Protein chains: 2
Amino acid sequence: MGMGRPRAFDADAALDRAMDVFWRHGYEGTTIAQLTEAMSINPPSLYAAFGSKEGLLKAALDRYSEKRDAWMEKVVGASTAREVAEGFLMEHADAQTDPANPPGCLLVQGGLACGTGSENVPFELAARRTRTEDQLRERFVRAKAERDLGENADPVTLARYLSAVTSGMCVMASSGADRNTLREIAAVSLKAFDEQAKA
Amino acid sequence: MGMGRPRAFDADAALDRAMDVFWRHGYEGTTIAQLTEAMSINPPSLYAAFGSKEGLLKAALDRYSEKRDAWMEKVVGASTAREVAEGFLMEHADAQTDPANPPGCLLVQGGLACGTGSENVPFELAARRTRTEDQLRERFVRAKAERDLGENADPVTLARYLSAVTSGMCVMASSGADRNTLREIAAVSLKAFDEQAKA
DNA sequence: AGAGATTTGTAGTGTTCGCTACAAATGTGG
DNA sequence: CCACATTTGTAGCGAACACTACAAATCTCT
């Protein structure tokens, strides 16, 4: 028995296109017509490959998470908690204003509140944001064990704080804040980290 | 000539109901059917009073802004910049987890990214967020004139920072963060404010 | 080459969307 | 009580939505 006609498009490249559309317009603001045009495929190809609009979003999020994980690995690879925090904040400021992508972060712009039938989407995005926070927290747990953080510094609080700041930066980036503005915010945030870290 | 049949519903009460729906589902996730049911009116009444779905959102935002302005007046009324920052952050933590409202803030949950035809909505929300930031900044300008802030403290940066943090708290609240979590973030943020304020 | 498996493009499907035509209902001013 | 003005409820408008039936096309395997 044969193996069927091969797919004529590159799924990863198509996912990158879809990611951009979801990022720019949010899940609910994105239409299948926009997606198929951006991906240069027809609806049946989209549905055969990804199942549904939500399935496509999840596939795009998986791809997004891959890149993000690689990026986070670099960030938490820094030798001190201080450098981890600084790298996390500054790289976020740059990434959210990277002209190669829509402003902000897909995990926030994708949709914080959705309509009936898409309640799952905000959950999905939140779960992926939490993952980043978890990676930070684990790194800070290690830092504390290494006496790289003060006796009273709480890895949970530190990770949450940095996560909150970067989410806030997303919101500002989405409304046009430029790179320097975000870096300024990052720099101020870093002072709170320092204070908290030496506690 | 007569003055016509009087309106049978309270516009402000109806706006409060609409606000809740927009807040919970975002602009694009909200349908006219949900709105009319929540407001206990029929579509023609909605359109006669507010013009369109977007007109209704703006009216709801105006009402939201009224309440917020009253609240901000109280916050910036504090006697020191430090108290202003603390009040702003802590009251935000409480407001965003007030069980009387959906979690987060309408100006963020309403929609950061929207589809074609609703591009105006994120702008509108951003403009109202900026207004809060402006109120903070002006208060800090005054604080600086009063020597209540350090020589090198920048009111613009301080206001932006606080604004970013509260936006980040919105994102976390929308994904279930509880009041104590947000207060913790507020407390850490306040340390950065202190460091920056005495510069 | 032929059979089987899968993808592709065309052309829709039914549903839901934001919005409105219309006539009955209800108020005011003369 | 009678024009007049406005709101109300019913019912439904065209358009856009997510999604799919179907047949032609293109591959692999024998």
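Remember, predicted model here, so these are calculated numbers, not experimental data. Order of the sequence lines sets the chain letters (A, B, ...), proteins ahead of strands, with each chain counted from 1.
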Legend entry - Straight-line distance of B/Glu119 CD to B/Glu124 CD, nearest 0.5 Å: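 One finds 13.5 Å between CD of B/Glu119 and CD of B/Glu124.
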
Using only heavy-atom distances, determine whether the side chains of [X] and [Y] contain a donor-acceptor pair under 3.5 Å.
X: A/Asp178; Y: A/Thr181; value: yes
X: A/Thr116; Y: B/Gln34; value: yes
X: B/Thr166; Y: B/Gln96; value: no

Inset, instruction - Give a yes/no answer on whether the side chain of B/Ser45 brings an N or O atom under 4.0 Å of OP1 or OP2 in D/dT7. - result: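 So the side-chain polar atoms of B/Ser45 never come under 4.0 Å of the phosphate oxygens OP1 or OP2 of D/dT7.
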
Inset, instruction - Give me the residues of residues 109-126 of chain B where at least one heavy atom lies under 4.0 Å from an atom of DNA chain C, by number, or none. - result: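 Heavy-atom contacts with DNA chain C come from no residue of residues 109-126 of chain B; none.
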
Rounded to the nearest Å, what distance is computed from the [atom1] atom of residue [X] to the [atom2] atom of nucleotide [N]?
X: A/Ile41; N: D/dA25; atom1: CD1; atom2: P; answer: 21 Å
X: A/Met39; N: C/dG9; atom1: CE; atom2: C1'; answer: 16 Å
X: A/Asn42; N: C/dT10; atom1: CG; atom2: P; answer: 6 Å

[Y]/[X] salt bridge by N-O under 4.0 Å criterion:
X: A/Asp69; Y: A/Arg131; answer: yes
X: B/Glu91; Y: B/Lys74; answer: yes
X: B/Glu138; Y: B/Arg142; answer: no

Inset, instruction - Answer yes or no: is there a donor N or O on one side and an acceptor on the other, between the side chain of A/Arg137 and the main chain of A/Val156, under 3.5 Å? - result: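 Side chain of A/Arg137 to backbone of A/Val156: no pair is present.
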
Inset, instruction - Starting at the 5' end of nucleotides 13-24 of chain D, put B wherever the base has a protein heavy atom under 4.0 Å, S where only the sugar-phosphate does, and a dash everywhere else. - result: ----SSBBB---

Inset, instruction - Could you check whether the rings of A/Phe9 and A/Phe50 sit parallel, tilted or perpendicular, using 30° and 60° as the cut-offs? - result: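 Correct class here is tilted.
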
Inset, instruction - May I ask you to check whether B/Phe140 and B/Phe193 place their ring centers less than 6.0 Å from one another? - result: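 Yes, the ring of B/Phe140 comes within the 6.0 Å limit of the ring of B/Phe193, centre to centre.
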
Inset, instruction - Strictly below 4.0 Å, heavy-atom distances to any atom of DNA chain D: list the hits from residues 7-26 of chain B, or just say none. - result: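 Residues of residues 7-26 of chain B under 4.0 Å from DNA chain D: B/Arg7, B/Ala8, B/Phe9.
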
